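Comments concern the structure below.
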Amino acid sequence: MGFFSRSAQVGGSVLHRAATALIDLARERAARLWRLPVGEVVWSGGTLSSRTGDAVALDLGEPVRATGPRR
């Protein structure tokens, strides 16, 4: 039984790191799209927005669609 709980823990950790990396990449792309510093872009409630509220909130895929494939 212990083996399965370890697998779930490791799998959950890997999934968390992947999701964090994806959000970081989306924040970078949104910052480029909006011409803002990355630190001004926040992820909250399933959307990206600017800290000041000047930029329209985007879902996770919108910056990728707007900026093209990763190079």
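Computed from a predicted structure; not experimentally measured.
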Listed pairs under 3.5 Å, donor-acceptor, residues 14-27 side chains, sequence neighbours left out:
unit_1 : atom_1 : unit_2 : atom_2 : d
Arg17  : NH1    : Ser13  : OG     : 3.1
Thr20  : OG1    : His16  : O      : 2.9
Arg27  : NE     : Val41  : O      : 2.7
Arg27  : NH2    : Val38  : O      : 2.9
Arg27  : NH2    : Val41  : O      : 3.0

Of the non-hydrogen atoms in Leu48 and Trp34, which two are nearest, and what is the gap between them?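 So the two residues come closest at O-CH2, 3.7 Å.
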In this structure, are over 12 heavy atoms from other groups packed under 6.0 Å from Arg35 atom CZ?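 For Arg35, atom CZ is not crowded (no more than 12 foreign heavy atoms under 6.0 Å).
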Residues that Ser49 engages under side chain to side chain contact (heavy atoms under 4.5 Å, CB included), provided they are two or more places apart: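 Checked Ser49 against side chain to side chain contact (heavy atoms under 4.5 Å, CB included); matches are Val42, Ala57.
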